[in-house]
Amino acid sequence: MKQKHFLQFRDFSADEIGYLFARARVIKDRFKRYEKYHPLVDRTLVMIFEKASTRTRLSFEAGMQQLGGAAIYLATRDSQLGRGEPVEDAAQVISRMCDIVMIRTFEQEIVERFAAHSRVPVINGLTNEYHPCQILADIFTFIEHRGSIAGKTVAWIGDSNNVCNTWLQAAEVLGFNVHVSTPPGYEVEPERAGLFGTDHFEEFTDPIDACRGADLVTTDVWTSMGFEAENDERRKAFADWCVDTDMMRVARPDALFMHCLPAHRGEEVAAEVIDGPQSVVWDEAENRLHAQKALMEYLLLGRIEG
Ligand code: CP
Ligand code: NVA
């Protein structure tokens, strides 16, 4: 059977994503009751980081330990990957010594090449193009608060980055709509986003229009990791793309606010919004743990009954 990986959101069907949400619920409830659950005893996760992380590292490392396995952290700068060892060779070696791999890196092509030479499942822990684990947790969080996301409207305000692209893929897989508003020159690139079409998103010049009637308003940093050289230029271009109370006011009265974090108050989001009553950012961050435990369990053990 072909090895399964989670390199972009659309690698999984709606049915598989639905299964993961159901498992995340079970795993989270058990965790909250302090019930020991060790299905991954003797399994090892290797986590390769080429970029900084708080949530991704913590949720994968803690998650693997809580499932009874072990996690090893590899930073490129102190491994041979940082000295030019080919990704294909690293994949061959690393995947003979562990059971599952998570990679945070730059181009999507790097995780694709790693996966093509890996004997074990590979998870994308963020690339320049996608952040599938984030959106898994975000939609699980939406469902916890509001029920099914099918047919709902998500407003994305700001940069059409890795997190935005993944929302757009998820909209195609799960059947919801995304209203996107970016400054000119930062629009969605459907091919880079890995979309099948343009049916599930609509672009708006004015961010207020994108937020109108939305069930969820979400944003992310103006400058993603790896694009720091564009910081000054982006600060100017994105100045009017700060999610504030005026934007939240035109969304549905029960609209949620999400941000993958880390956030910059006063830049992409006003403090009153991220720290306000509609914000679910802490649940969203916590759910990285539960959703990724379900993901690792599925990739290593397949479907579990009960
Ligand atoms: N949201 C997210 O992936 O956070 P980290 O960069 O801290 O892992
Ligand atoms: N878009 C951001 C997400 C950080 C979790 C970045 O890539 O830096």
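As the structure lists them, so they are numbered: ligands from 1, and atoms in each ligand from 1. Residue numbers count from 1 along this sequence. Just so you know, these numbers come straight off a predicted model, no measurement behind them.
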Is the closest N or O pair between His131 and ligand 2 shorter than 3.5 Å? no
Between Arg119 and Asp99 (salt bridge meaning N to carboxylate O under 4.0 Å), is one present in this structure? no
Proximal ligand 2 atoms for Leu261, defined as those under 4.0 Å from one of its heavy atoms: 5 (C)
Among all protein heavy atoms in this structure, tell me which lies nearest to atom 3 (C) of ligand 2, with the distance rounded to 0.1 Å. Asp220 OD2, 3.5 Å
Do Asn161 and Glu129 meet the criterion of a side-chain donor-acceptor pair at a distance under 3.5 Å? no
Thinking salt bridges, do Glu297 and Arg23 make one under a 4.0 Å N-O criterion? yes
Can you list every pair that meets side chain to side chain donor-acceptor pair (under 3.5 Å) and has a residue in residues 173-190, with sequence neighbours left out? Ser181-Trp241
Tell me: protein heavy atom nearest atom 6 (O) of ligand 1, and distance? Arg104 NH1, 2.8 Å
I'd like to know whether CZ of Arg83 has more than 12 heavy-atom contacts from other residues, nucleotides or ligands below 6.0 angstrom. no
Working note: Tyr130 + Phe9, criterion ring-ring contact (aromatic ring centres under 6.0 Å, His included); need CA distance, chi angles, decisive distance, verdict. CA-CA 8 Å; Tyr130 309 119; Phe9 200 89; over 10 Å; no
Using a 4.0 Å heavy-atom cut-off, which part of Leu261 comes near ligand 1: side chain, backbone, both, or neither? backbone
Any nitrogen or oxygen of Arg57, main chain or side chain, under 3.5 Å from a nitrogen or oxygen of ligand 1? no
With heavy atoms and a 4.0 Å threshold, my read on which part of Arg288 contacts ligand 1 is side chain
Are any of the side-chain nitrogens in Lys4 or Asp11 under 4.0 Å away from the carboxylate oxygens of its partner? no
Atom 8 (O) of ligand 2: closest protein heavy atom, distance to 0.1 Å, is Met225 N, 2.8 Å
Quick one: nearest non-hydrogen protein atom to atom 4 (O) of ligand 1, plus distance? Arg55 NE, 2.8 Å
Within a distance under 4.0 Å of any heavy atom of Cys260, pick out the atoms of ligand 1 and give their elements. 1 (N)
Is it the side chain, the backbone, both or neither of Asp159 that has a heavy atom closer than 4.0 Å to ligand 2? neither
What is the closest protein heavy atom to atom 4 (C) of ligand 2, and at what distance does it sit? Leu126 CD1, 3.8 Å
Just distance, no hydrogens or angles: give the donor-acceptor pairs under 3.5 Å from side chains in residues 60-72, sequence neighbours left out.
{"residue": "Glu61", "atom": "OE1", "partner": "Arg57", "partner atom": "NE", "Å": "3.0"}
{"residue": "Glu61", "atom": "OE1", "partner": "Arg57", "partner atom": "NH2", "Å": "3.4"}
{"residue": "Gln66", "atom": "OE1", "partner": "Lys293", "partner atom": "NZ", "Å": "2.7"}

Protein contact to atom 7 (O) of ligand 2 [nearest heavy atom, distance to 0.1 Å]: Asn162 ND2, 2.8 Å
With heavy atoms of Thr54 as the reference, note each atom of ligand 1 found under 4.0 Å away. 5 (P), 7 (O), 8 (O)
Looking at ligand 2, would Thr223 count as a contact under a 4.0 Å heavy-atom criterion? no
For the pair Asp29 and Arg33, find out whether any cationic side-chain nitrogen is under 4.0 Å from an anionic carboxylate oxygen. no
Do any heavy atoms of His131 fall under 4.0 Å from ligand 1? yes
Check: Gln169/Asn165 side-chain N/O donor and acceptor closer than 3.5 Å: no
If you apply the rule ring-ring contact (aromatic ring centres under 6.0 Å, His included), what do you find for His200 with Phe176, and how did you get there? CA-CA 7 Å; His200 290 272; Phe176 59 93; 7.8 Å; no
What about Leu126: any of its N or O atoms under 3.5 Å from an N or O on ligand 1? no
